[in-house]
Protein chains: 2
Amino acid sequence: MADRKQSPNPCDRISSEGPMVREVLDRVGDKWSLLIIGTLQRGPRRFGELHQAVEGISQRMLTLNLRHLERDGLVTRSAYAEVPPRVEYELTRLGETLLEPVLALAAWVSENHSAIEANRKAFDAR
Amino acid sequence: MADRKQSPNPCDRISSEGPMVREVLDRVGDKWSLLIIGTLQRGPRRFGELHQAVEGISQRMLTLNLRHLERDGLVTRSAYAEVPPRVEYELTRLGETLLEPVLALAAWVSENHSAIEANRKAFDAR
DNA sequence: CTGAATCCTAGCAGATACTG
DNA sequence: CAGTATCTGCTAGGATTCAG
């Protein structure tokens, strides 16, 4: 008991800053944001390009997600007063830095997804 | 166009392995799993301890999440035939390795959450 | 104590149609 | 082209109750 009470290890971040971690995870962890960010990583993209690149996303969801990302300062939105209208979305510096830990997670998945699938199979076999 | 077609940069993982990344994110990104994992990081915990530690979680959700984590091989469940019954949950080796990239993400949040909040405030001010 | 089963609800995602 | 508006269905998740 006593040895568990106040260990000052880095993992406390998960619980102590839990709410904030969750907030960011709510953004990064939802169905589409990551795919959008991944697409934008290669440079600015127009709304239509994103709609095409992020397969299966509805217009509505794309709009909403972009708003959220914009609100958090992860993405910028630039509308050009032309005809036809053109709007470009681009990762901010902040958005780019986020990519790093996210890629670390993606790397972990790459290494371990087969193990996970095996575990699931074994588990379901019962 | 051409310069964007096949860049072999590491970020392709997000799109190319998108489904798998998403699968893991569905696990790690949901409302409770991370808090559970964070709690278990300090050692094995009983059901009741988890229920208490992970504030606000319902019995149902705790059970479901633990099942999922168990299925993925991130957590082990050990039931002891005693009275009253005792069940202990513990991170597996796989679960521990997951902690590393997750903590990287948590660290990013620590560094940037204030920036994000500022962005949100500025955005909402309109 | 641990957890399964049921019921119930809010909120979110998809489809569709419309607009500047 | 880049959205907005509306409607609807679904399901994640909370509360409660029962059981081994």
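Sequence lines set the chain letters: A, B, ... in the order given, protein chains first and strands last, and positions in each chain run from 1.
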Side chains of B:Leu50 and B:Arg46: closer than 4.5 Å at any heavy-atom pair?
no
Would A:Arg45 and A:Tyr89 count as a cation-pi pair here, with the cationic atom under 6.0 angstrom from the ring centre and within 45° of the axis?
no
From CG of B:Asp30 over to P of C:dC12, roughly how many Å is that when rounded to an integer?
16 Å
Can you check the A:Arg86 CZ to D:dG3 P distance for me, whole Å?
13 Å
How close or far is atom C1' of D:dC10 from atom CE of A:Met61, stated in whole angstroms?
14 Å
Taking only the side-chain nitrogens and oxygens of A:Lys31, find out if one of them lies under 4.0 Å from OP1 or OP2 of C:dG14.
yes
Spacing of B:Glu70 atom CD relative to C:dT2 atom P, expressed in whole Å:
15 Å
Mind checking whether A:Trp32 and A:Ile37 have side chains closer than 4.5 Å, heavy atoms only?
no
How long is the line joining CZ of B:Arg45 and C1' of C:dC1, in whole Å?
17 Å
Can you find a pair of side-chain heavy atoms, one from A:Leu94 and one from B:Asn119, that are under 4.5 Å apart?
yes
Please determine whether a side-chain nitrogen or oxygen atom of B:Arg67 lies at a distance below 4.0 Å from atom OP1 or OP2 of C:dA4.
yes
Across the strands shown, which category fits B:Arg46 at heavy-atom distances under 4.0 angstrom: base, sugar-phosphate, nothing?
sugar-phosphate
Send over the distance from B:Trp32 CH2 to D:dA12 C1', rounded to a whole Å.
12 Å
Nearest-nucleotide check on DNA chain C, B:Pro85 vs A:Ser58; residue mapping nearer the 5' end is B:Pro85
Tell me: CG of B:Leu66 to C1' of C:dG3, nearest whole Å?
11 Å
Looking across every strand, which nucleic acid part, if any, lies under 4.0 Å from A:Tyr89 by heavy atom: base, sugar-phosphate, or nothing?
sugar-phosphate
Do you know which two heavy atoms are closest between B:Ala53 and B:Thr39, and how far apart they sit?
CB-CG2, 3.8 Å
Please report, rounded to the nearest Å, how far the C1' atom of D:dG14 is from the NE2 atom of B:His51.
11 Å
What I want to check is whether an N or O donor and acceptor connect the side chain of A:Arg60 with the base of C:dA13 at under 3.5 Å.
yes
